[in-house]
Every structure is written in structure tokens, then in C-alpha cells.
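What follows is one structure encoded as C-alpha cells, with my remarks underneath.
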Amino acid sequence: MNLFAEIRALVVDALGQMAADGALPAGLDLSAVSVEPPRDAAHGDMATNAAMVLSKPAAMQPRAIAEALAAKLAADPRITKAEVAGPGFLNLRLSPLVWQGVVKAALVDGAGFGKSDMGQGAKVNVEFVSANPTGPMHVGHVRGAVVGDALSNLLAFAGWNVTREYYINDGGAQVDVLARSAFERYREANGLEPEIREGLYPGDYLIPVGEALKAKYGTSLLDKPEADWLKDVRDFATEMMMQMIREDLATLGVKMDIYSSEKALYGTGEIEAAIETLRGMDLIYDGVLEPPKGKTPEDWEPREQTLFRSTAHGDDVDRPVKKSDGSWTYFAPDIAYHYNKVRRGFDMLIDIFGADHGGYVKRMKAAVSALSGGKVPLDIKLIQLVKLYKNGEPFKMSKRAGTFVTLRDVVEEAGADVTRFIMLTRKNDVALDFDFAKVLEQSKDNPVFYVQYANARINSVIRKAREAGIDCSDATLAGLDLSGLTHEAEIELAKKIAEWPRLVEIAAKGNEPHRVAFYLYELASDLHGLWNRGNDDLSLRFYQEGNAATSATKIALARATGVVIGCGLGILGVTPVEEMR
RNA sequence: GGUCCCGUAGCUCAGUUGGAUAGAGCAGCCGCCUUCUAAGCGGCUGGUCGAGGGUUCGAAUCCUUCCGGGACCGCCA
């Protein structure tokens, strides 16, 4: 149930009646009419811009429309007051009945409270992480993994049919480097001195790969030329790396639906087919690119390449799909891969990339636009850097991986729940500071703690009530007469709860899971505020000593808050805690 | 040089996609523990929303020109 949608329907209905009565011209476009919470609570519970939006097309004074609309709306039992304000806003005050109904709805819907059907079951593919299979995941990957996973949860909650996908970059030169690096570890496992030359991956994580190679091949590869072992070792090492990456993701609670392989695109004709499809649209040609404007690279010289006319779909320059030696650029399999996603029938594609891929966005969108006939939107979220700190000092930690901090280091230090929540406390395109000391601190500076603490308080009061013999099951609470919830402080909290379904839709619409984290912080703040008012005003405590009926009513409100915290944390992929320790 | 992102309180950041007097947290100041967890709550102080111009009933939000910071910029992935 989305209260705002409900009231908007009421407004639209009233406008329809006005048109029928001749108070408004018929056939007005009402799509711009919105019902929103006013920024200033003193203006009421909800405000509609209907009069201002319709003023011009209806050729009427906004206030005249607003006053007629107010009269219609005031007849509805849910509306206690409708007043015209400012340039033509219509401010509505809602009856306590409405807010009590929200509490009840949260208790009835439980974990499904706020679910939306706005996605209408449309198929969306969220591609994220897609780290090269050449080593363990590091900090740089963590944020993308968390954002992608939480966004997937959010979209599923909002009614999309979500597929989480990982694109394995196992087709380029980097997996050959991996193979050579692993081969040195294989030699090491056989008692030889490894030669970790410049350009190879030095990390200790390849030692077990070397040992596994020894277990499989014994000494049989040692004297063979690279050409004889490269493919086998590459496949073997890549598979082990992917295994490690899957485990890394699991420690964060991320589980992919599909792992797609770049390598698998080669040799199947998929790349050729994608390029030919573009060629059929006259979007592929052989040509010579202009040098980059301004600063020309020193070794730049014109070369003929096969190019994609991405400028036809909004890019700034055309992009090469073949190198001058005739082999594919990285872009070509990427085109094929996205074409593959389009052909699998997705209605919407989302890519989560690192910020260093910013230059890639336009060409990728151009490719998808061309290959889907403009029908499948591609949204690319760029994930900015995470800067690690410990007590304000830049933090370096390198246990085993050479020069970088691994995902496991982070999760072991901070825990998966804390890591996930903090990674979602910023918009994706803003850099984020992650201070190990701060994120573990138990104070309100720390949003994770603050939200968890609110949940713990709710559970604490429910425990206490249960000990006193009060039935606090959701079903029982939902069946109560909640007309006793009338204090403005209690209504305040119920209003915040009422915002949840709307927030889900706003966040899903913009593919912005961070909004959930901010909302939860605000909700927790309202809960803490009400809780503390119980210090001064005993009648505001959730648990009322010796009064089971009143306690149950108030606990219904607390529990409804807990339900929403549970829904929100569920989307973020964070486990709610029952009590603080 | 080009493209993209960012610029909001002393600091870290939100800002419901164009709504009314721009909001939180931290820091600073003043209060609140005989208490369902004070690991918390309330109040005060603090803003030319980087700058100028434009669009309209209305702009932090959209357009434009600057300024400042970052990322990227053919045959790396």
C-alpha cells in the first residue's frame, strides 16, 4: 500500500468529478499532478500541486481550482483539512485513522511491506563486479559488489524480475599473464626457483595454484615450451581464481545468478554475428581515427582499423572494434556480450562499472541502443573510489596479495554487515571514506550501529512485554484496535513508516539503493526520539507497566517500525541484530 | 585540448528528479540518567547551494559560460 499513490488517486478522482461537473475543462492531462509530503511539516501531511499544474491548460486561476478541489476532498473521511496555500498548493491533513492504518498495514504485510509492482515483472539484468579472474577481489571491487547486489534486491522488491550477472574477462592478455605467473608457482612447487618477472602477478595467492598444478601434472610440464602448456594452465588457473572470487563474494553475502565468460564468445561466431549485425545497419566501416584532440600521444600515428560508428548513437567519436593487426579490441566482445543480453530478452540492462571506465559509457550505450533498436535502455552506474582509513590515517594493509587490500581483509576487519551498510551510505558517483575505526564505533556517528540499535530497542521492549504475558505476534498486533495511537509523537513515527513504500519506488526508479540507507537512518532517528520522550512522559513509553492493552497498541507501532527496518536492511543485505552486545 | 563526474553549514554529506522559510550528522555552546538499553534524546549557533547569465508561477535541481577538484582519452583490460 502506497499512501501517496492512494491520496493521489483520490485527488485525480476529485478532479475528474470537477470536470464532469463542468468546474474544469474536460480532457486535461493529469500526469503532472503529484502528491508529495511538503518539505515543511507545518504545511500538513501531504500537498498537491494540481492547481498550479492545471492552471495554464485550464486557463483558470490556480487558487480557484485549488479551492474547488479542496471542497471536494474535504468530503473524504481520510482528509481532515484541505487548505490552499502559497501560489496554489493544496495542503492536506490526514486523519489519525490513516496513520493507524499504515501501522496495521506494516504488521499485516510484514516482510512484504512496501513491495511495489512498478517493475511489472519486466526482466532486468544487473551486471556487476566482473573483476578480472587474475586474483582475489580487492577493496576496489567491494563497493561495486555491494551496490550491485543491493540494487538487485531493491529492484526485485519493486517488482522487477532481476538477473545478477558476472562477466568473466577471461579472453584477454591478462589471463595469459595469469597462466605464466601460475606456471612459475608450479615450478616453485616442484622445488625450482620461481622467476616472478616484471609484469607477472607476484601475489602469494598463486602458490596454491602452483601446488594444485603439481598435483595434477606432476613434473610433466616443466620442460615443455609455453605453447604446449599455456592453454591448459590458463584454464586451470582461471577456474581456480573464479572459485576464489565466488568465495570472496560469498563472504559479502553476494550470490550471482549467472557467470558469463568472455572467452566463450570467441570461436562461436557471436562476436562476428554482433559486428555483422551492426554492419548491416551501416555502423561498421574501415577507417582511420583522428588523433585525440588537444594532447596527441607521442607515438600516435594514423592506422586503418575497423570502426563502430558510435557517433550515430550519441558518442563523440567512432570506436575501434579491431586492432590494426586485425584482432578484436576489448570492445568487440563487449558488444557481443551486450547483444547476447539483449537477445536473452531483457527489458533493461544495468552495468555497474568502476569510475575508471567512465570513458566507456557512451560507446557501450551506443552499442546497446543500436543493437536493440533503441528499445532496451542501458543504465551504467559508475562506482567511485573507496578511501580506506584507520583513525583518520590512510590505511594500507597487505597480508598476502602484494600491494592491495583484499575484500577478505575488509570483511574480516569490519564484518560483512557493516561493510555493506557503509558502502551504501553514499551515492555511487561520489568517493567514499571508509574508516575502520569509525565503522565499528558504537555511537550515532555510525549509521549502521544507529539503525541496529533502534532495532535492538524494539526487540528489547517486545521481549519485556512478552515476559509480562502480552501476546506480541504480528498477527495479534495487526488485529488490535489502534485508535489509541493519537499522540503527535506517535503519529510522527507512523508518518515516517508511511513514506517507506514511496521511498522504495523513488529509489528503484533512479537505481539508487543508497536512498534506503539514508531512509533507515531517519526512521531510526524518529524511533530513538520517541523512545526518549518516554523518559519525560511515561505515557509515551511503548511498554506500559500493568496495562497490557495500551502496551500492545504502542508495541504495534514499535513492531511496525521494526518491520520496516527489517525490509530496508533486507534490501541492503544487512542482518538486523536482535540485541546489542 | 576533449569527454564524464563532483562542488550545498567550520568538517562529512542528504536533498523525494522543478515546489513553499535548503536539511541531517560531526565539531562548538546549553540542557536531560531513581528511566522499556543515556551505546541515547532535546535545544542553540552556523548557508550569497562554486560564480555569472538564461528558461517560468517557482531553480540547489533544467540550459549556458566561466572557476576549482577528480577520472578517463587508438592497437590495456
Side-chain angles (χ1 to χ4, degrees), chain A residues 4 32 34 36-40 42-43 47 49 52 55-56 62 85-89 91 132 134 169 171-175 262 288-297 299-303 305 307 315-317 319-320 322-327 329-331 334 354-362 382 384-385 425-427 429-433 441-447 449-450 452-454 456-458 460-465 499 502-503 505-507 509-510 514-515 518-519 521-522 525 528-536 538 541-545 551 554-555 558 579-580:
Chain A
F4 296 87
S34 70
E36 299 176 347
R39 193 176 287 182
D40 186 344
H43 291 132
N49 61 355
M52 284 178 294
S55 155
K56 201 176 263 179
F89 282 102
N91 292 326
N132 284 345
T134 55
N169 292 125
Q174 78 279 9
V175 280
E262 175 192 358
V288 178
L289 282 176
E290 295 291 308
K293 287 180 181 162
K295 201 168 69 182
T296 305
D299 58 348
W300 199 90
E301 49 183 278
R303 303 241 170 101
Q305 294 174 287
L307 302 170
D315 203 353
D316 308 303
V317 290
R319 307 290 179 174
K322 271 191 183 174
K323 304 174 193 170
S324 48
D325 67 3
S327 63
T329 62
Y330 179 79
F331 186 36
D334 248 3
D356 56 343
H357 285 60
Y360 219 67
V361 171
K362 282 190 178 178
L382 296 179
Q384 268 294 348
L385 289 179
T425 53
R426 288 285 177 276
K427 274 186 299 206
D429 49 15
V430 171
L432 179 146
D433 292 345
E441 198 173 280
Q442 301 208 327
S443 76
K444 68 172 174 177
D445 304 14
N446 178 356
F449 165 77
Y450 191 71
Q452 294 282 29
Y453 185 35
R457 278 182 150 173
I458 293 164
S460 146
V461 71
I462 290 175
R463 263 197 312 277
K464 185 154 177 136
E499 286 178 25
R502 182 164 181 269
L503 182 108
E505 295 193 346
I506 290 167
K509 200 169 166 187
H514 74 277
R515 287 183 189 274
F518 281 97
Y519 169 82
Y521 187 87
E522 290 167 14
S525 177
H528 288 308
L530 177 56
W531 182 285
N532 253 68
R533 287 186 67 163
N535 289 341
D536 298 329
L538 295 184
R541 294 191 175 193
F542 294 114
Y543 177 67
Q544 297 286 318
E545 194 75 44
S551 294
K554 292 177 183 298
I555 285 169
E579 65 187 305
M580 307 305 292

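None of the values given here were measured: they were computed from a predicted structure.
When each of B:U37, B:G19, B:A77 is scored by its nearest atom to the side-chain atoms of A:His357, the top-ranked nucleotide is B:A77. In the set B:A20, B:C75, B:C36, B:C36 carries the atom at the smallest distance from any side-chain atom of A:Tyr543. Comparing B:A20, B:U17, B:G15 against the side chain of A:Lys427 picks out B:G15 as the nearest. Out of B:C36, B:A20, B:C13, the shortest distance to the side chain of A:Arg426 is found at B:C13. Side-chain proximity of A:Asp356 to B:C72, B:A14, B:G19: nearest is B:C72. Looking at the side chain of A:Asp536, the nearest of the listed nucleotides B:C75, B:A14, B:C32 is B:C32. When distances are taken from the side chain of A:Asn169 to each of B:C41, B:G19, B:A77, the shortest belongs to B:A77. Across B:G40, B:G74, B:U35, the shortest atom-to-atom separation from the side chain of A:Asn532 is found for B:G40. Checked against B:A77, B:G40, B:A14, the side chain of A:Ala173 finds its nearest nucleotide in B:A77. Residue A:Phe518 places its side chain closer to B:C13 than to any other of B:C13, B:A20, B:C76.
Along RNA chain B, the nucleotide nearest to A:Asn49 and the one nearest to A:Thr425 differ in position, and the one closer to the 5' end is contacted by A:Thr425.
Considering only side-chain N and O atoms, A:Ser460 lies under 4.0 angstrom from the phosphate OP1 or OP2 of B:U37. In this model, the phosphate group of B:U16 is not approached by any side-chain N or O of A:Lys509 to a distance below 4.0 Å at OP1 or OP2. Between A:Arg533 and B:G42 there is no side-chain N or O to OP1 or OP2 distance below 4.0 Å. Here A:Tyr450 reaches the OP1 or OP2 of B:C41: one of its side-chain N or O atoms lies under 4.0 Å away. Within the 4.0 Å cut-off from OP1 or OP2 of B:G2, not a single side-chain nitrogen or oxygen of A:Lys362 is found. OP1 or OP2 of B:U35 has not a single side-chain nitrogen or oxygen of A:Trp531 nearer than 4.0 Å.
Under a 3.5 Å cut-off, the side chain of A:Thr134 and the backbone N or O of A:Val175 do not form any donor-acceptor pair. Side-chain atoms of A:His528 do not come within 3.5 Å of backbone N or O of A:Tyr453 as any donor-acceptor pair.
A cation-pi arrangement is present between A:Arg502 and A:Phe4 under the rule of less than 6.0 angstrom and at most 45 degrees off the ring axis.
A distance cut-off of 5.5 Å between ring centres, combined with a plane angle under 30°, leaves A:His528 outside any stacking arrangement with the base of B:G40.
Looking at heavy-atom distances under 4.0 Å, A:Tyr521 makes contact with sugar-phosphate atoms alone, never a base.
The shortest distance between side-chain heavy atoms of A:Phe542 and A:Arg457 does not fall below 4.5 Å.
Glycosidic conformation of B:C33: syn, with the torsion inside 90° of 0. With a glycosidic angle more than 90° from 0, B:U61 adopts the anti conformation.
Note on ring orientation: taking the six-membered ring where Trp is involved, the planes of A:Tyr330 and A:Tyr360 are tilted (angle from 30° to 60°).
For B:U35, its base sits under 3.5 Å from the side chain of A:Arg541 at one donor and acceptor pair at least. For A:Arg457 against B:U37, no side-chain N or O and base N or O form a donor-acceptor pair under 3.5 Å.
B:C4 is paired with B:G70 under the criterion used here, namely a Watson-Crick or G-U wobble arrangement in which both key atom distances are under 3.5 Å.
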